[in-house]
Colleague: 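The structure's right below; bear with me while I get my questions together.
Hydrogens, waters and symmetry mates play no part in the numbers below; they use all other heavy atoms, side chains included. No experiment lies behind these values; they were computed from the predicted model shown.
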Amino acid sequence: MAKKVSAKKTEEFEQNEALYELQRREEADIAVEKRLIALYTLQKIDSEIDKIQIIRGELPLEVQDLEDEIAGLETRLVNFEEEINGFNATISEKEKMIEECKKLIKKYETQQNNVRNNREFDSLSKEIEFQTLEIQLCERRIKEAKLGLEQKTKETEKAQEKLKERKLDLDQKRKDLDEITTETAKEEEELRENSLKQEQLIEERYLTAYKKIRKNAKNGLAVVCVERDACGGCFSKIPHQRQMEIRFHKKIIVCEYCGRILVDEKIVEAAE
């Protein structure tokens, strides 16, 4: 009799264990399914944000490029102004030196009229010759400075004209960007808030993997649905056995070719 009771208890225990194991597996399957739904929902939200950014197109980059170009032109104009000031300073300095040299020549010529001997005369002649050479050198430096001044003045005028055009272009690009941003700002803000909320429902390791896949994907798709027996991201054929595993929702399956997370229509419907 005791053996029968013991056998019955053992049988009940095994049945309970089997039921517990079955329940545990079902809960695990549900957890994976919820995780897939959360990931696909996040992908939908992020894709909507991507669409808004596509609407803006290349405008943000064009605005940035124009701002960089304008900053470069303004820096170039500052450098041109410094060079022009340098040329003007050189011209002024050399003109003063020429005046000083002329005064010295006049002085030496006067002194030549009162020399006592040839030796003093020759010495003064050499000084006059030296000052004459100094004048010639200064005139050459003035000529070079004026040529440089003329060139930099022309370059400055061209840079100023170009700067004016770029500023007009920038004003127009900013206006276009502001109009588009104003139209989509509220929608984008709501989507970003929803995206952050959705991220909080996903475990850190899966969220990190999702962001990494999304970053490497050209179209920003990290989670895609199986369509016509193929990956919805790279369109590579998926084996039948692999598709069965995707439908069972027992684990997260990724595409063997592009690495995207794969889901079936049931997950898509649940996310909708």
Side-chain angles (χ1 to χ4, degrees), residues 49-113 121-189 192 215-216 218-220:
I49 295 173
D50 291 342
K51 286 180 183 178
I52 291 175
Q53 292 176 342
I54 290 170
I55 291 171
R56 289 178 191 156
E58 299 294 324
L59 273 176
L61 291 175
E62 289 174 8
V63 168
Q64 183 62 55
D65 288 343
L66 282 169
E67 288 174 343
D68 292 342
E69 187 176 357
I70 287 170
L73 285 169
E74 288 174 342
T75 301
R76 190 185 303 174
L77 284 170
V78 170
N79 293 334
F80 284 166
E81 185 178 356
E82 290 177 356
E83 291 182 56
I84 287 171
N85 290 337
F87 287 132
N88 284 324
T90 298
I91 292 169
S92 178
E93 179 189 351
K94 298 305 178 186
E95 284 177 346
K96 286 180 181 179
M97 286 183 67
I98 289 172
E99 289 300 318
E100 291 295 325
C101 290
K102 285 181 178 179
K103 287 179 182 179
L104 288 172
I105 289 172
K106 189 174 182 180
K107 175 185 173 183
Y108 295 144
E109 285 176 344
T110 302
Q111 289 178 352
Q112 277 183 327
N113 295 326
F121 186 87
D122 291 340
S123 177
L124 289 169
S125 295
K126 287 180 180 179
E127 288 295 334
I128 293 171
E129 185 181 354
F130 176 76
Q131 296 304 323
T132 303
L133 290 172
E134 282 292 312
I135 291 173
Q136 291 175 357
L137 182 61
C138 287
E139 288 174 342
R140 188 186 304 167
R141 294 287 180 264
I142 289 172
K143 185 178 180 181
E144 291 172 353
K146 285 183 176 180
L147 287 172
L149 181 62
E150 184 181 355
Q151 183 181 351
K152 288 303 171 186
T153 301
K154 288 180 180 178
E155 290 180 6
T156 299
E157 290 172 355
K158 288 181 180 178
Q160 286 173 337
E161 186 64 30
K162 191 173 183 181
L163 179 62
K164 184 180 178 181
E165 292 175 1
R166 291 297 178 269
K167 282 185 174 180
L168 289 173
D169 290 342
L170 179 60
D171 289 341
Q172 186 59 49
K173 295 290 183 184
R174 279 177 174 166
K175 185 180 177 182
D176 295 341
L177 181 59
D178 288 343
E179 288 177 359
I180 295 172
T181 301
T182 301
E183 291 172 3
T184 59
K186 186 177 179 181
E187 182 184 357
E188 184 177 4
E189 184 180 353
R192 291 194 181 281
K215 183 180 178 181
N216 293 331
K218 289 183 179 180
N219 53 9

Colleague: Nearest 0.5 Å, please: how far is CD in E58 from CG in D65?
Modeller: 9.5 Å
Colleague: State whether K146 and E150 are salt-bridged, where the test is any N-O pair (Lys NZ or Arg NE/NH1/NH2 against Asp/Glu carboxylate O) under 4.0 Å.
Modeller: no
Colleague: Atom CD in Q53, atom OG1 in T184: separation rounded to 0.5 Å?
Modeller: 9.5 Å
Colleague: So how far is it from E62 CD to R174 CZ, rounded to the nearest 0.5 Å?
Modeller: 13.5 Å
Colleague: Who pairs with N219 by side chain to side chain contact (heavy atoms under 4.5 Å, CB included), at least two apart in sequence or on another chain?
Modeller: A217, L221, R260
Colleague: Would you sort out whether L104 and E127 count as a side chain to side chain contact (heavy atoms under 4.5 Å, CB included), showing the intermediate values?
Modeller: CA-CA 9 Å; L104 288 172; E127 288 295 334; over 6 Å; no
Colleague: How long is the span from the CG atom in L124 to the CD1 atom in I105, to the nearest 0.5 Å?
Modeller: 12.5 Å
Colleague: Is there a side chain to side chain contact (heavy atoms under 4.5 Å, CB included) between T182 and E179? Walk through the geometry before answering.
Modeller: CA-CA 5 Å; T182 301; E179 288 177 359; 5.9 Å; no
Colleague: In chain order, what residues pass the side chain to side chain contact (heavy atoms under 4.5 Å, CB included) check against S125, with sequence neighbours excluded?
Modeller: Q112, F121
Colleague: Can you give the donor-acceptor pairs under 3.5 Å from side chains of residues 135-145 to other protein atoms, not counting sequence neighbours?
Modeller:
none

Colleague: To the nearest 0.5 Å, what is the distance between CD on Q64 and CG on L61?
Modeller: 8.0 Å
Colleague: Sequence neighbours excluded and cut-off under 3.5 Å, please list the side-chain donor-acceptor pairs for residues 161-171, or say none.
Modeller:
{"from": "R166", "atom 1": "NE", "to": "E69", "atom 2": "OE1", "distance (Å)": "3.2"}
{"from": "R166", "atom 1": "NE", "to": "E69", "atom 2": "OE2", "distance (Å)": "2.9"}

Colleague: Identify all side-chain donor-acceptor contacts of residues 76-88 below 3.5 Å with residues at least two apart in sequence or on another chain.
Modeller:
{"from": "N79", "atom 1": "ND2", "to": "T75", "atom 2": "O", "distance (Å)": "3.3"}
{"from": "E83", "atom 1": "OE1", "to": "K152", "atom 2": "NZ", "distance (Å)": "3.3"}
{"from": "N85", "atom 1": "ND2", "to": "E81", "atom 2": "O", "distance (Å)": "3.2"}
{"from": "N88", "atom 1": "ND2", "to": "I84", "atom 2": "O", "distance (Å)": "3.3"}

Colleague: Could you list the residues that satisfy side chain to side chain contact (heavy atoms under 4.5 Å, CB included) with E100, not counting sequence neighbours?
Modeller: K103
Colleague: Is it the case that over 12 heavy atoms from other parts of the model lie below 6.0 angstrom from the CD atom of E67?
Modeller: yes
Colleague: Would you give the length of the straight line joining atom CD1 of I128 to atom OG of S123, rounded to the nearest 0.5 angstrom?
Modeller: 10.0 Å
